[in-house]
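Just below is one structure, and these are the notes that go with it.
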Amino acid sequence: MELETSMEKDMLYGLFKGQFTLEESKRTFLQLIDEVKTSRAVKVLIDGRKVTGQPTTMERFYYGEFCAKEVSKLASLESLTPTFAFTLIEPLLDPGRFGENVAVNRGMKVKMFDNINDARSWLEQMK
């Protein structure tokens, strides 16, 4: 997978492209966390509409758990706790939002969307 980032006003925009695998998704999320550290962004808009694949339920669980753990590390080491909005399309986007629930239950501020404008609007409302 590939990641391109840019700053848009007060939010970090991350464009993910490529085929989903759990390991590649973890690797690119760590790249995104490095960009968050550098930019000190408190809002992160992730555009994953160009990612293909069909994660299993367990992959959704492990990815949500991994992301929450990395964000928790970021909070403790950098005193930085960003809010994340993911934009995905099915089948990558789970209609039941299982991965989102896993991450939220572990303390991550995150919400999944199927529309980039809705994701951006939600982030803009966050303080």
Side-chain angles (χ1 to χ4, degrees):
M1 286 177 54
E2 297 174 30
L3 171 64
E4 297 172 18
T5 60
S6 61
M7 284 300 293
E8 295 182 0
K9 298 180 188 175
D10 65 340
M11 73 178 69
L12 178 65
Y13 173 79
L15 175 63
F16 286 76
K17 300 177 190 176
Q19 177 69 32
F20 173 89
T21 67
L22 183 57
E23 289 308 311
E24 277 296 294
S25 296
K26 287 178 176 181
R27 183 186 64 77
T28 51
F29 190 77
L30 288 175
Q31 285 180 301
L32 183 70
I33 290 295
D34 285 342
E35 292 292 328
V36 169
K37 287 180 197 174
T38 300
S39 67
R40 305 299 293 172
V42 294
K43 298 176 185 178
V44 183
L45 177 60
I46 298 170
D47 185 348
R49 295 174 295 170
K50 294 189 178 192
V51 177
T52 58
Q54 195 163 356
T56 66
T57 300
M58 287 310 299
E59 287 174 324
R60 293 178 196 283
F61 175 85
Y62 290 133
Y63 186 66
E65 181 180 59
F66 175 82
C67 291
K69 180 180 173 186
E70 292 304 318
V71 171
S72 177
K73 281 187 203 174
L74 181 68
S76 65
L77 296 174
E78 301 284 332
S79 298
L80 184 61
T81 309
T83 300
F84 294 80
F86 280 75
T87 305
L88 304 168
I89 55 175
E90 290 185 33
L92 209 61
L93 176 65
D94 175 21
R97 306 298 197 265
F98 180 62
E100 175 186 330
N101 289 333
V102 169
V104 167
N105 288 341
R106 285 156 180 76
M108 187 174 175
K109 295 188 288 186
V110 61
K111 189 166 173 76
M112 303 291 178
F113 296 87
D114 62 2
N115 179 298
I116 194 82
N117 294 325
D118 291 347
R120 184 176 274 117
S121 293
W122 180 78
L123 268 181
E124 287 172 351
Q125 294 173 19
M126 302 307 288
K127 292 184 179 189

Say you draw a straight line from [atom1] of [X] to [atom2] of [Y]; how long is it, rounded to the nearest 0.5 Å?
X: Ile33; Y: Thr38; atom1: CD1; atom2: OG1; value: 11.0 Å
X: Phe29; Y: Ile46; atom1: CZ; atom2: CD1; value: 5.5 Å
X: Glu100; Y: Arg60; atom1: CD; atom2: CZ; value: 12.0 Å
X: Leu3; Y: Ser25; atom1: CG; atom2: OG; value: 11.5 Å
X: Lys109; Y: Phe84; atom1: NZ; atom2: CZ; value: 10.0 Å
X: Leu80; Y: Lys37; atom1: CG; atom2: NZ; value: 10.0 Å

task = Name the orientation class of the two ring planes belonging to Tyr63 and Phe86 (parallel below 30°, tilted from 30 to 60°, perpendicular beyond 60°).
result =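 The arrangement is perpendicular - the two ring planes meet at more than 60°.
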
request  = Decide whether Leu30 and Leu77 are clustered together by the hydrophobic rule: side chain heavy atoms of Ile, Leu, Val, Met, Phe, Trp, Tyr closer than 4.5 Å, transitively.
outcome  =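 They do not share one cluster, since no chain of ILVMFWY contacts under 4.5 Å joins Leu30 to Leu77.
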
query = Would Ile89 end up clustered with Phe16 when hydrophobic side chains under 4.5 Å apart are linked, directly or stepwise?
reply =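 Per the 4.5 Å side-chain linkage, Ile89 and Phe16 are not co-clustered.
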
key: side chain to side chain contact (heavy atoms under 4.5 Å, CB included) between Leu12 and Met7, worked out   = CA-CA 5 Å; Leu12 178 65; Met7 284 300 293; 3.8 Å; yes

inquiry  = Would you say that more than 12 heavy atoms from the other residues, nucleotides or ligands in this model lie under 6.0 Å from the OH of Tyr62, or not?
reply    =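 Incorrect, the count does not exceed 12.
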
So, for [X] and [Y], which heavy atoms are closest and what is the spacing to 0.1 Å?
X: Met1; Y: Val51; value: CE-CG2, 3.9 Å
X: Pro91; Y: Gly53; value: CG-O, 3.5 Å
X: Thr57; Y: Phe98; value: O-CE2, 3.5 Å
X: Gly48; Y: Leu92; value: O-CD2, 4.2 Å
X: Arg40; Y: Ser79; value: NH2-O, 4.2 Å
X: Asn101; Y: Gly96; value: ND2-O, 3.7 Å

task = Take Arg120 and Glu124 through the side chain to side chain contact (heavy atoms under 4.5 Å, CB included) test and state the conclusion after the steps.
result = CA-CA 6 Å; Arg120 184 176 274 117; Glu124 287 172 351; 3.5 Å; yes

inquiry  = Given 3.5 Å as the limit, does a donor-acceptor pair link the side chain of Arg106 with the main chain of Gly64, or not?
reply    =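 It does not hold such a pair.
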
message = Any side-chain to backbone donor/acceptor pair from Ser72 onto Ala68? Under 3.5 Å, distance only.
response =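 No, Ser72 side chain to Ala68 backbone: no donor-acceptor pair under 3.5 Å.
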
key: Lys17/Glu4 under side chain to side chain contact (heavy atoms under 4.5 Å, CB included): CA gap, chis, key distance, verdict   = CA-CA 9 Å; Lys17 300 177 190 176; Glu4 297 172 18; 2.8 Å; yes

message = Between Leu74 and Pro82, is there a side-chain heavy-atom distance shorter than 4.5 Å?
response =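 The answer is yes; the side chains approach within 4.5 Å.
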
inquiry  = The test is side chain to side chain contact (heavy atoms under 4.5 Å, CB included); show your working for Thr28 and Gln31 and say whether it passes.
reply    = CA-CA 5 Å; Thr28 51; Gln31 285 180 301; 3.5 Å; yes

ask   = Taking ILVMFWY side chains as joined if any heavy atoms are under 4.5 angstrom apart, and letting links pass through other members, which residues group with Leu15?
value =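 In the cluster with Leu15 are Met11, Tyr13, Leu45, Phe113, Ile116, Trp122, Leu123, Met126.
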
